[in-house]
Amino acid sequence: MKKIAIIGGGAAGMACAVLLARKGYSVTILERGERLGRKLAATGNGQGNVTNTDMGASHYFSDDNEKVGRLLSRFGYQDTVRFLESMGGIFLPDSRGRVYPAGRQASAVVDLFRFELERLHVEICLKTQVKKIAYKGGFLLEWEGGHINADAVVLTAGGKAAPKFLTDGTAYALVKDFGHVPTPLEPSLVRLKCDRDIAKRLRGIRIDSGLKVIRAGKEIYETRGDTLFTDSGISGDAVFRASAHAKAGDQILLDFLPDISYERAREVVTEKGLYCVVNNGLARVLEYVAKGDKGRIAELLKAFPLTVEGKEGFSEAQVTKGGIRLSETDENLMSRFQKGLYFAGEILNADGECGGYNLQWAFTSAFAVSEGICS
C-alpha cells in the first residue's frame with residue numbers, strides 16, 4: 001500500500017486525503033496549526049461559499065489558464081457539490097451562483113471533512129510544521145521531533161495570504177531544492193487603497209454600486225456589489241472582486257445609482273437635490289467635490305473616480321496571487337522536476353475571483369492530484 005504524506009490540512013489537503021483514502025491509500029495529513037480547515041471555516045464571511053455555478057478559466061489568473069480550464073472540465077462545480085454531498089449536507093446556489101451549504105455555516109463544512117477523515121482512518125498530525133523534504137528512492141519529511149517516510153508527497157500548505165491561519169509563505173522553501181521557485185507573490189481579494197482624504201470623509205458608508213477598473217483609459221473589469229469606504233480606501237465584495245484585476249495607478253469608477261440612467265440622475269439633482277437619492281454623508285462629499293455644480297454632481301453619481309494607490313497587505317488578503325508555476329507540473333499537478341511530488345490549492349500560481357472560485361480550485365486541484373497518484 002502506497003503511503004501518501006499531505007502537507008497542509010486546509011480545503012485542498014483534506015479533499016485530497018478523502019479522495020485517496022477512499023481508494024485505499026494510507027494517508028497522513030501534516031498540519032502546522034492546532035486544527036484542520038481554519039481558513040475554510042472562515043470562507044464566505046463564515047457562511048461557506050464553496051464554489052460557483054458560473055465556472056470557467058476566465059475567472060482565474062495563472063501562468064497557464066488553458067490548463068486551469070482543462071482541470072475544471074475534469075472536476076467542475078457540479079463535481080464539487082456531489083463530492084461534498086457524498087460526505088453529507090445539502091449545497092445550494094444563491095441568485096448570483098455562489099454555492100453554500102444549506103445551513104450557511106462554513107465550520108460545518110469542516111466538520112463534514114473531519115468526520116469523513118476519521119471514518120477513513122486518515123492519520124492527522126497537528127502542530128507539525130514540516131521543515132524539510134528529501135528524496136532518496138522515497139521521500140523523507142522531517143519536522144522538529146519527528147519524521148515520516150512516504151511514497152508520494154502532496155504540498156497543500158497554502159500561499160502567503162491571511163498569515164493568522166499560519167499561511168505565511170514559508171512552505172515554498174520546502175520545494176526549492178527540487179527546482180521550484182514561486183512567481184512574485186501579491187495579495188488578492190483585498191481592500192484597495194484609494195484617495196485617503198475622500199475615503200476618510202466617507203468612512204463607514206456602504207453602498208450597492210457599480211464598479212469599473214480603468215487602465216490607460218480602457219475599461220478592464222466591471223462588476224457590481226457592496227462598496228464600503230474605509231480610512232484608507234474601499235472594501236466590500238465588489239472591491240474584493242475588482243482587486244484581482246486592479247493595480248496601483250488604475251482608476252476606479254463607482255456608479256452610485258446603477259439602476260438609473262445619467263439623464264435621470266441629472267434630472268433628480270436639478271429638481272430635488274440628493275435627499276432620498278444617496279446617503280446624506282455621500283451627498284455632502286459629492287457637493288464638496290463638485291463645488292456645488294449640479295451637472296458635475298450628476299456625473300459623480302454615475303462615475304465617481306478614485307485612484308488606486310495600492311492594496312492592503314497579505315494580513316488582510318483572502319488569497320495569494322502567484323505561486324508555483326503550473327507550467328512546472330504535469331496534467332495531474334505532479335512536479336516535472338521530481339516524480340511523486342504533487343501540488344494542490346493556493347500554493348500553485350492559480351488564483352480566482354471572489355465568489356467560491358478559490359475553493360473550487362482547491363477541490364479541482366486535489367482531484368487532479370488524486371487521479372495522478374492513483375494512475
Side-chain angles (χ1 to χ4, degrees), residues 5-18 28-51 80 84 100-101 104-114 117 122 124-131 141 143-144 154-175 182 185-191 235 237 240 243-244 311-324 343-366 369:
I6 298 175
I7 304 173
M14 291 190 294
C16 196
V18 168
T28 299
I29 295 177
L30 306 167
E31 164 57 38
R32 177 180 174 181
E34 296 181 352
R35 61 182 186 273
L36 300 177
R38 289 184 62 199
K39 194 171 182 180
L40 173 57
T43 190
N45 290 321
Q47 296 185 63
N49 179 196
V50 295
T51 185
T80 288
L84 293 173
Y100 295 87
R104 290 293 184 114
Q105 193 171 13
S107 61
V109 182
V110 178
D111 288 335
L112 287 183
F113 275 106
R114 184 166 54 85
L117 292 168
V122 172
I124 298 170
C125 301
L126 301 175
K127 301 181 183 179
T128 303
Q129 184 177 6
V130 176
K131 298 291 188 180
L141 290 74
W143 60 90
E144 187 175 342
V154 189
L155 186 55
T156 65
K160 195 175 179 180
K164 64 184 178 182
F165 298 122
L166 302 181
T167 48
D168 56 7
T170 56
Y172 298 107
L174 292 173
V175 292
L185 307 176
E186 299 177 24
S188 191
L189 306 193
V190 67
R191 298 195 301 263
S235 183
D237 64 352
F240 291 151
S243 72
K311 302 178 183 180
E312 295 291 348
F314 284 107
S315 63
E316 303 297 329
Q318 295 181 29
V319 72
T320 306
K321 184 175 288 294
I324 303 299
F343 303 92
E346 192 177 336
I347 198 159
L348 286 160
N349 179 28
D351 63 286
E353 296 175 345
C354 187
Y357 295 101
N358 289 289
L359 271 179
Q360 177 63 50
W361 174 246
F363 300 134
T364 291
S365 56
V369 167

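Predicted model only: the values in this text are computed from it and were never measured.
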(message) So does Ser243 get a backbone contact from the side chain of Lys311, meaning a donor-acceptor N/O pair under 3.5 Å?
(response) yes

(request) Apply side-chain hydrogen bond (donor to acceptor under 3.5 Å, both in side chains) to Gln318 and list each qualifying residue two or more places apart in sequence or on a separate chain. (result) none

(request) Ignoring hydrogens and angles, tell me if any N or O in the side chain of Arg114 forms a donor-acceptor pair with the backbone of Gly37 under 3.5 Å. (result) no

(request) Please identify each residue that fulfils side-chain hydrogen bond (donor to acceptor under 3.5 Å, both in side chains) with Ser235, with sequence neighbours left out. (result) none

(request) Could you pull out the closest heavy-atom pair between Trp143 and Val130, with the gap in Å? (result) CB-CA, 4.0 Å

(request) Please assess Gln105 against Tyr100 for the test side-chain contact (heavy atoms from CB on, under 4.5 Å), listing each intermediate value before the final yes or no. (result) CA-CA 8 Å; Gln105 193 171 13; Tyr100 295 87; over 6 Å; no

(request) Determine yes or no for a side-chain-to-main-chain donor-acceptor pair under 3.5 angstrom, with Ser365 supplying the side chain and Gly345 the backbone. (result) yes

(message) Does any part of the side chain of Ile6, heavy atoms only, come nearer than 4.5 Å to the side chain of Val122, both counted from C-beta?
(response) no

(message) Nearest 0.5 Å, please: how far is CD1 in Ile29 from OG1 in Thr128?
(response) 11.5 Å

(message) With rounding to the nearest 0.5 angstrom, report the CG to CD distance, Leu126 to Glu34.
(response) 8.5 Å

(request) Identify the two heavy atoms, one from Phe343 and one from Val369, that lie closest to each other, and give their separation to 0.1 Å. (result) O-CG2, 3.3 Å

(message) Any non-hydrogen side-chain atom of Leu40 less than 4.5 Å from a side-chain atom of Leu359?
(response) yes

(message) Nearest 0.5 angstrom please: Leu166 CG to Lys127 NZ, how far?
(response) 11.5 Å

(message) Show the nearest heavy-atom pair for residues Ala5 and Leu141, with the distance to one decimal.
(response) CB-CD2, 3.9 Å

(request) Look at the side chain of Thr156 and the backbone N and O of Gly8, then say whether any donor-acceptor pair between them is shorter than 3.5 Å. (result) yes

(message) Please check this pair: side chain of Thr43 against backbone of Ala41, looking for a donor-acceptor N/O pair closer than 3.5 Å.
(response) no

(request) First locate atom CZ of Arg38, then atom OG of Ser107, and finally report the distance between them rounded to the nearest 0.5 Å. (result) 13.5 Å

(request) Grab the two heavy atoms, one from Ser188 and one from Ala244, that are nearest each other, plus how far apart they are. (result) OG-CA, 3.4 Å

(request) Assess whether side-chain contact (heavy atoms from CB on, under 4.5 Å) is satisfied between Leu36 and Phe113, documenting all intermediate values. (result) CA-CA 9 Å; Leu36 300 177; Phe113 275 106; over 6 Å; no

(request) Can you measure from CD1 (Ile124) to CZ (Arg35) and round to the nearest 0.5 angstrom? (result) 14.0 Å

(request) Can you spot which of Thr320, Thr167, Asp168 makes a side chain to side chain contact (heavy atoms under 4.5 Å, CB included) with Phe314? (result) Thr320

(request) Provide the closest heavy-atom pair for Ala15 versus Phe363 in the form atom of the first, atom of the second, distance. (result) CB-CD2, 3.8 Å

(request) May I have all residue pairs that pass salt bridge (Lys or Arg N to Asp or Glu O under 4.0 Å) and include part of residues 343-356, sequence neighbours excluded? (result) Lys39-Glu346, Lys321-Asp351

(request) Give, for atom OG1 of Thr51 and atom CG of Leu84, the distance between the pair rounded to the nearest 0.5 Å. (result) 9.0 Å

(request) Could you tell me which non-hydrogen atom of Ala12 sits nearest to which non-hydrogen atom of Ala366, and how far apart they are? (result) O-CB, 3.6 Å

